[in-house]
Amino acid sequence: MAAQQGQLIGERYRLEERLSLGSGAEVQGELWRASDLLAAEAPMALRLLGREIDLAMARQRWGRLQGVLHPQVPRMGAAIEAAEGLWLVREWQAGRTYQQLLEARAARQLVFGAGEVLLLLRQLLPVLAVLHSQELVHGDLSPANLLRRDSDGLPVLIDFGSVAGAAQATPGYAPPERTHLLQSEPWMDLHALGVVALVLLSGEGPARLLDPVSLAWRWPATLAGQPELQAQISRLLLRQPGERFASAAKALAAFQALAMPESTGPVPRADSTVALVPPPVTERPAAPAPVLPVLVAPPPQPEPAPVPAPAAAPRTRLEEREEAAEGGIWPVVIALVLSAVVGTALGWWWLSRGRVALTTPDAALQLPTSLPPAEVDQRQQLLNRLRALQIDRGWFLKLVDASLLAQFPERGGRLPGDSLEEAPLRKVWNELAEEWLARVEQLPLDIRRRLGSYTNGDWERRQQSLVSQGLSSAVLRQLVSGSAQNLLPGRPGADIPAEPFRQLWYAAAEQGLANVQIEAIQAQPLETRVLSAQVEAGGARLFPVRLPAGYRLVLGVNGSPLMQMSVFGPDGDLLEAKGPLRVVSLGVQKRSPVQLLVTNEGVAPALITLSLRADPPLPQVAPPPAAPEPSSPAPPDQLERPQPQTGPAPAPPAVAPPPPVQPPVN
């Protein structure tokens, strides 16, 4: 029985989209994105294991993985047995696999650079060390089973092959011994990690990198200038127990001891720069040293002896004229070629000044070599994090510089230099950079990418769009104020600061208004209206309530304790301060709409129940007998003015009680 879209698994998970068949499809089956109906339809990943495997053993292995608590390993959920097989539920991770990244770069003739791969190895080996310390292995390391998470750029291990059994792994990544062993061993994960490194560096699959006869690996040309990195990757690929790394922790120490290359971004692909390693060496004194293809320039060949040219035949006048014409064309051709080359170089130089420069390090982050190595490494790590988070580095540096100069106005705008006396100030700069980065990395990826390019026009368009739906400018500023306080602590959230801080205010506005939902309501006289609505996590809902002229508004809101409400008049004046959900009764409103704002400060969506009613104004005291009775209803301002009382007032008519308030929704 095949799984179908919309099918309910375990009476909880609804299958939404089939993502892939995965490696070893006959065993691991299909991978689906599903919705958890008991958690506000949160996305989940479900993997189907076929009945051809030992389901009892798979349950046992899955149960052990459920105990792994590491930020780069998704939380493992339930194992649900169904008619089509065993469904394994795990936490959804938003991002792209390294296989997808590799394919996207191949379309632009790019591959992973040496610095980028070294950073990846440093980020993955600690995860493998934790798994191996608990006697667990991944069992199917490959670019398709590594995911770069959108939120922080860190690699995440997905689709553990060890659950399905030792015999199943992506071809080319497991060592040949894998087929003869009953279960995976930790060193096999390290071997697969080495193959992953070669694949990312070259853009080629394992089948094209491994010589089928000698079983020697072909090394990408990007490692030609990194002999130490090449030597350590080669140790990952060794199968002799005495030569390979004893553990993931040992491998991590070796890769951490390497100097980080200047560039940690992609590099142009060079298909011809591949050589067999180890090269065949034969000890023959008379034979010249073997030459590796492409990586080593061919030895200069002796020029052949000049051969006397034959006597030139007499040329006709037409040939002489053609030769003269060619002599005039070639300078033009050469000039055009030179101009094209120079223009291309200038174009690349101009592009490298912006955010698309990925293959060269930021000049602003390069410290003089006279600085201590620890400071250089700290700045390099900052550069790596900015690249992974896709933050505009030029804007971020201006942000940190402006923060430092604001703390030390006596410097008159002078930034710290590389002298020993400036070391304490450079330390403050680094601390500020860490603080700002901790705030900025909490933003969604699409907002982080735009930092440095927001304009006032973006804010004006967003503001006009919401105002046209009934949201006043004052309420709009309050919504932005809360988000801005998180990104810009110590600054008035409603005031737009100067650059470069203004970019964060715009980002806060974008984030704070992204989940605002507006629903207009018409209140009917003396008729209680009850409705329910959902407020997204970190979002808000605005209810512009229109009233009949001269009526009062009585409303009550129930919901989660993590939700807040406030009420504003038509012009944005505050009628009810921000506080917990409650019942409020407002006086006569001369104009409408009254704006009810409900915010959800929790981490999950929550329901609210809203009850509202429009009541007529309270009855006024009867005028004295001598006063003429007005022929038409008095205006609201006269109704509200107290009148002298000469006798006992008649009893006012009964007022309808406040609307019923529903119990809180959990």
Side-chain angles (χ1 to χ4, degrees), residues 19 22-23 31 33 42-45 47 61-77 88-102 112 115-163 169-170 173 184 186-197 199-200 236 245 247-256 260 264 381-382 384-390 437-438 441-442 444-445 448:
L19 301 177
S23 60
L31 177 65
R33 178 179 59 82
M44 304 293 289
R47 168 71 72 179
R61 297 189 182 110
W62 188 255
R64 295 187 60 196
L65 288 174
Q66 288 175 335
V68 177
L69 299 177
H70 193 282
Q72 290 171 252
V73 177
R75 293 297 304 272
M76 308 301 176
L88 302 178
V89 182
R90 68 166 171 84
E91 177 187 17
W92 176 264
Q93 296 284 331
R96 291 193 294 173
T97 67
Y98 278 79
Q99 183 64 37
Q100 293 171 330
L101 293 172
L102 197 62
F112 284 73
E116 197 173 10
V117 170
L118 176 56
L119 180 62
L120 175 66
L121 295 174
R122 289 182 178 181
Q123 293 171 336
L124 278 178
L125 284 168
V127 192
L128 294 178
V130 171
L131 288 175
H132 297 168
S133 66
Q134 301 180 26
E135 298 183 356
L136 295 170
V137 295
H138 185 281
D140 191 13
L141 268 178
S142 69
N145 293 335
L146 291 175
L147 181 138
R148 176 181 284 177
R149 190 161 49 200
D150 286 342
S151 60
D152 53 14
L154 289 176
V156 178
L157 295 174
I158 59 175
D159 292 341
F160 283 65
S162 57
V163 178
T170 305
Y173 292 90
S184 302
W187 72 270
M188 296 181 180
D189 279 349
L190 300 182
H191 180 278
L193 187 60
V195 180
V196 168
V199 170
L200 296 180
L236 292 175
F245 287 112
S247 64
K250 295 287 187 181
L252 176 61
F255 284 103
Q256 285 180 334
M260 180 64 68
T264 56
Q381 291 297 326
L382 174 63
N384 297 338
R385 292 177 64 186
L386 291 174
R387 291 180 188 277
L389 294 171
Q390 302 186 34
L437 194 57
E441 67 183 356
Q442 298 176 8
L445 177 61
R448 288 202 309 262

Does [X] reach the main-chain N or O of [Y] with its side chain, forming a donor-acceptor pair under 3.5 Å?
{"X": "Arg122", "Y": "Phe255", "answer": "yes"}
{"X": "His191", "Y": "Leu236", "answer": "no"}
{"X": "Gln99", "Y": "Ala144", "answer": "no"}

Identify, with sequence neighbours excluded, every residue that meets side-chain hydrogen bond (donor to acceptor under 3.5 Å, both in side chains) alongside Arg33. Glu17

Any side-chain heavy-atom pair from [X] and [Y] closer than 4.5 angstrom?
{"X": "Leu88", "Y": "Met76", "answer": "no"}
{"X": "Val73", "Y": "Leu65", "answer": "no"}
{"X": "Pro186", "Y": "Phe245", "answer": "no"}

Closest heavy-atom pair and its distance - [X], [Y]:
{"X": "Val196", "Y": "Ser142", "answer": "CG2-CA, 3.8 Å"}
{"X": "Arg149", "Y": "Pro71", "answer": "NH1-O, 2.8 Å"}
{"X": "Tyr98", "Y": "Leu147", "answer": "CE1-C, 4.0 Å"}
{"X": "His132", "Y": "Ala248", "answer": "ND1-CB, 4.0 Å"}
{"X": "Val89", "Y": "Met44", "answer": "CG1-CE, 3.7 Å"}

Ion pair Glu441/Arg385, N-O distance below 4.0 Å: yes

Before you tell me yes or no, could you show the steps for Met260 and Asn384 under side-chain contact (heavy atoms from CB on, under 4.5 Å), namely the whole-Å CA-CA distance, both residues' side-chain angles and the distance that decides it to 0.1 Å? CA-CA 10 Å; Met260 180 64 68; Asn384 297 338; 4.2 Å; yes

Rounded to the nearest 0.5 Å, how far does [atom2] of [Y] lie from [atom1] of [X]?
{"X": "Gln66", "Y": "Arg90", "atom1": "CD", "atom2": "CZ", "answer": "14.0 Å"}
{"X": "Leu146", "Y": "Thr97", "atom1": "CG", "atom2": "OG1", "answer": "8.5 Å"}
{"X": "Gln100", "Y": "Arg148", "atom1": "CD", "atom2": "CZ", "answer": "12.0 Å"}
{"X": "Leu157", "Y": "Gln93", "atom1": "CG", "atom2": "CD", "answer": "10.5 Å"}
{"X": "Leu154", "Y": "Leu120", "atom1": "CG", "atom2": "CG", "answer": "10.5 Å"}
{"X": "Ile158", "Y": "Trp92", "atom1": "CD1", "atom2": "CH2", "answer": "9.0 Å"}

Testing the 3.5 Å rule here: is there a donor-acceptor pair between the side chains of Asn145 and His138? no

Go through the steps for Asp140 and Asp159 under the test side-chain contact (heavy atoms from CB on, under 4.5 Å), then give the verdict. CA-CA 8 Å; Asp140 191 13; Asp159 292 341; over 6 Å; no

Going by side-chain contact (heavy atoms from CB on, under 4.5 Å), Leu141 matches just one of Leu190, Leu124, Val195, Leu128. Which one? Leu128

Criterion side-chain contact (heavy atoms from CB on, under 4.5 Å) on Leu437 and Leu389, from CA distance to verdict: CA-CA 10 Å; Leu437 194 57; Leu389 294 171; 3.8 Å; yes

